[in-house]
Student: 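My questions all concern the structure below.
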There are 2 protein chains.
Amino acid sequence: MTDDAQPAAADLPDVPASAPLGRGRVTLQIIAQHLAVSTATVSLALRGSPLVAEATRSRVQSIARQMGYSYNRSAASLRTDRTNILAVGFHDITNPYFAELLAAIEETATGHGRSILLGTYAENLDRQDRVLTTLKEYRPDGMILCPAAGSVAADFAHLLEAGLPIVQLSREIPGLALDFVGSDDRHGAVLAMEHLLGLGHRRIAFLGESQRISTGRNRFTGYCETLARHGLPLDRAIVHSAQGTRENGLKGIQAVLAAADPPSAAICFNDLTAFGAMLGLRHCGLEAGVDFSLVGCDDVQEAAQWYPALTTIKNFQDEMGRKSAEFLLERIADPNAQPRRLILTPELVVRGSTAPFRG
Amino acid sequence: MTDDAQPAAADLPDVPASAPLGRGRVTLQIIAQHLAVSTATVSLALRGSPLVAEATRSRVQSIARQMGYSYNRSAASLRTDRTNILAVGFHDITNPYFAELLAAIEETATGHGRSILLGTYAENLDRQDRVLTTLKEYRPDGMILCPAAGSVAADFAHLLEAGLPIVQLSREIPGLALDFVGSDDRHGAVLAMEHLLGLGHRRIAFLGESQRISTGRNRFTGYCETLARHGLPLDRAIVHSAQGTRENGLKGIQAVLAAADPPSAAICFNDLTAFGAMLGLRHCGLEAGVDFSLVGCDDVQEAAQWYPALTTIKNFQDEMGRKSAEFLLERIADPNAQPRRLILTPELVVRGSTAPFRG
DNA sequence: CTGAAAGCGCTAACAA
DNA sequence: TTGTTAGCGCTTTCAG
């Protein structure tokens with residue numbers, strides 16, 4: 001709503017006739033001039049400081065609105081050394097597990113006046129390095145990280161040295177004294193195994209094994225321990241090593257089914273792997289929950305809707321995401337506090353994809 | 001690697017004895033002093049400008065690395081008025097359709113040296129307004145937007161007035177002369193309908209109808225037009241109006257099945273709705289692809305893996321996401337170019353959830 | 001090829 | 001209660 005119409009700039013170039021200064025946007029400076037007060041007053045007024053008189057505050061605020069003022073966070077950040085940005089580094093947001101975590105983080109961040117700067121790196125270490133370096137250059141107040149497979153502590157040294165508050169989410173790098181929010185993955189695998197053993201299964205495959213991420217190591221450990229406790233052998237022929245994707249679930253089940261002594265059940269690294277495995281079973285003329293038992297891990301939204309619905313280990317992505325953001329906010333507030341670890345206890349959700357063993 | 005050890009600050013407060021200036025981070029200034037050159041030279045050198053001698057360039061770069069220098073993008077942005085940030089506003093990234101779009105955008109952005117600032121608003125107009133205002137304050141170079149249901153052109157006026165380059169993705173607000181990347185949704189619905197009609201179905205429901213988003217209007221139009229072209233009546237009793245979620249698919253199918261003259265098939269606003277509907281069918285003792293035919297829309301990753309696999313309309317999220325980012329980059333490069341529209345042609349993917357009508 | 005100097009828009013002392 | 005001033009870290013003329 002500018003009162004004066006824009007005069008057609010005749011023959012002049014697009015530099016305004018009046019003052020060639022500035023970028024044409026309305027700044028604190030402009031508002032201050034307009035009101036014949038100082039920029040300091042405008043700054044304080046806009047932020048609702050009690051230091052300025054109520055009258056000036058409302059006068060400033062209404063003028064600012066009229067003039068279409070927009071706060072410049074780059075400028076403020078330069079001055080205050082805070083950006084209100086939370087950086088998030090994930091490997092793949094197409095994976096519903098990470099999408100659910102991200103949604104919870106975003107929700108929590110927004111609720112606390114923070115915004116999310118996102119970077120992904122597809123389990124690629126070089127790319128992770130580039131992405132994290134770039135994210136850091138935006139000077140986020142903190143960072144939530146789910147490290148790519150094979151990461152080592154040294155990969156994050158430059159972030160720590162810069163004093164950037166970081167919380168690790170879901171996956172953990174050994175030897176990094178950082179806040180961590182995750183699940184008791186070993187326990188989750190034990191729950192899955194005990195469920196299958198209780199149903200009478202003795203040949204149980206593991207699909208999506210990987211030693212390059214903590215969740216992989218812990219889940220596999222739970223698997224091995226439970227086998228041992230029940231006096232069952234660990235048979236590498238029915239362990240399929242791969243990243244936890246839909247495609248690998250399909251390949252994995254076919255691989256273990258081809259073993260000399262095939263399994264009657266499988267636990268999967270995650271739900272995606274289990275979904276792929278279900279498909280693979282059908283290719284082999286088998287049906288989960290009838291001829292074969294399948295347990296997933298995470299309980300992503302679609303797990304409950306599959307047919308058969310997937311028996312899985314619930315990992316509370318919503319709470320994990322929320323908590324990781326809260327941890328980060330607290331870490332930012334108190335950089336010197338002791339690092340904290342929150343390990344949520346997973347729960348078994350029994351649905352249709354598992355059934356009693358039948359010779 | 002600082003040579004001099006930090007002397008214990010005896011009785012002094014935590015202000016360093018030497019110089020109370022700066023924030024302790026290494027800046028261009030610091031590097032310049034260290035090398036006895038000007039900050040201008042350092043700046044140029046770090047960016048590999050041909051203006052500086054090869055020798056100084058490498059000297060500066062290696063020192064910068066040694067000192068652990070990190071480029072401060074807030075500072076650069078303030079100066080250059082560019083952030084290399086692309087803002088993305090979506091309503092829900094837990095929906096795989098949007099997650100897939102976002103992944104493609106992020107990939108493209110990163111490939112062009114840009115980062116993604118993410119905001120979500122859950123189809124909530126107030127929240128959309130707050131989120132977009134905040135995103136704008138970070139001065140992104142541009143914005144990719146999928147407007148919340150019920151948005152009107154006025155909601156985005158402040159962004160346009162600020163001259164912020166915007167491309168609309170997937171959904172479109174009438175009366176906004178902005179770049180747009182989307183699908184020919186009307187045509188998609190026609191494909192779905194012709195498929196079902198070709199299978200002999202005559203009573204075909206529509207699940208997830210909504211007039212508050214362009215995709216909803218267009219898909220429903222395709223549905224209505226095809227009915228009309230075949231001389232079939234539009235029966236509101238088998239049209240279920242709701243947002244396209246898993247839950248609403250379940251409710252929707254139950255609602256239309258309860259009609260006096262129930263349908264033998266349904267087309268769904270999106271795949272999520274179809275997934276819910278499949279579940280709902282089972283609750284009613286029906287099976288998609290046998291007793292009932294179901295067509296989804298989008299072809300998200302899980303669609304191919306469901307049982308039965310979902311017949312759906314492929315919408316090429318990957319290309320849409322990529323193209324929207326490319327459009328934005330080009331729009332940023334040339335703000336005055338004519339707005340462009342890219343409407344991808346969807347394709348029918350026939351899978352197991354549809355079957356010939358049987359009285 | 002390099003340096004000096006100004007300034008982007010904001011906030012935080014400190015004075016008045 | 002408000003104004004003055006300096007400066008965050010960078011880039012960009014303009015001189016040399």
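Order of the sequence lines sets the chain letters (A, B, ...), proteins ahead of strands, with each chain counted from 1. Note that this is a predicted model, so its numbers are computed, not measured.
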Student: Using a heavy-atom cut-off of 4.0 Å across all strands, would you classify A53(A) as base, sugar-phosphate, or nothing?
Tutor: sugar-phosphate
Student: Check whether NZ of the Lys or CZ of the Arg R127(A) lies under 6.0 Å from the centre of the six-membered ring of Y121(A) and within 45 degrees of that ring's axis.
Tutor: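 Ring-cation test returns no.
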Student: For dT11(C), does OP1 or OP2 lie under 4.0 Å from any side-chain N or O of S43(A)?
Tutor: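 For S43(A), the contact criterion (side-chain N or O under 4.0 Å from OP1 or OP2 of dT11(C)) is met.
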Student: How would you label the contact of A45(A) with the nucleic acid (heavy atoms, under 4.0 Å): base, sugar-phosphate, or nothing?
Tutor: nothing
Student: Is there a donor-acceptor contact under 3.5 Å linking the side chains of S70(A) and R139(B)?
Tutor: yes
Student: Could you tell me the separation between the CD atom of E137(B) and the P atom of dG9(C), rounded to a whole number of Å?
Tutor: 15 Å
Student: Give one of base, sugar-phosphate or nothing for A76(B), where a contact means two heavy atoms less than 4.0 Å apart.
Tutor: sugar-phosphate
Student: Under 4.0 Å between a side-chain N or O of T56(B) and OP1 or OP2 of dT2(C)?
Tutor: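 The answer is yes; a side-chain N or O of T56(B) sits under 4.0 Å from OP1 or OP2.
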Student: Using a cut-off of less than 4.0 Å, is there contact between a side-chain N or O of T41(A) and OP1 or OP2 of dG3(D)?
Tutor: yes
Student: Expressed in angstrom and rounded to an integer, what is the separation of N72(A) atom CG from dC8(D) atom P?
Tutor: 18 Å
Student: For E54(A), enumerate each residue passing the salt bridge (charged side-chain N to carboxylate O under 4.0 Å, His left out) test, keeping only those at least two apart in sequence or located in another chain.
Tutor: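 Only R57(A) meet the salt bridge (charged side-chain N to carboxylate O under 4.0 Å, His left out) criterion with E54(A).
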Student: Return yes if a side-chain donor-acceptor contact under 3.5 Å exists between S43(B) and R47(B), otherwise no.
Tutor: yes
Student: Does the side chain of R23(A) get closer than 4.0 angstrom to OP1 or OP2 of dG9(C) through an N or O atom?
Tutor: yes
Student: Using a 4.0 Å heavy-atom cut-off across all strands, classify A55(A) as base, sugar-phosphate, or nothing.
Tutor: nothing
Student: Can you check whether R47(B) has a side-chain N or O nearer than 4.0 Å to OP1 or OP2 of dT11(D)?
Tutor: yes
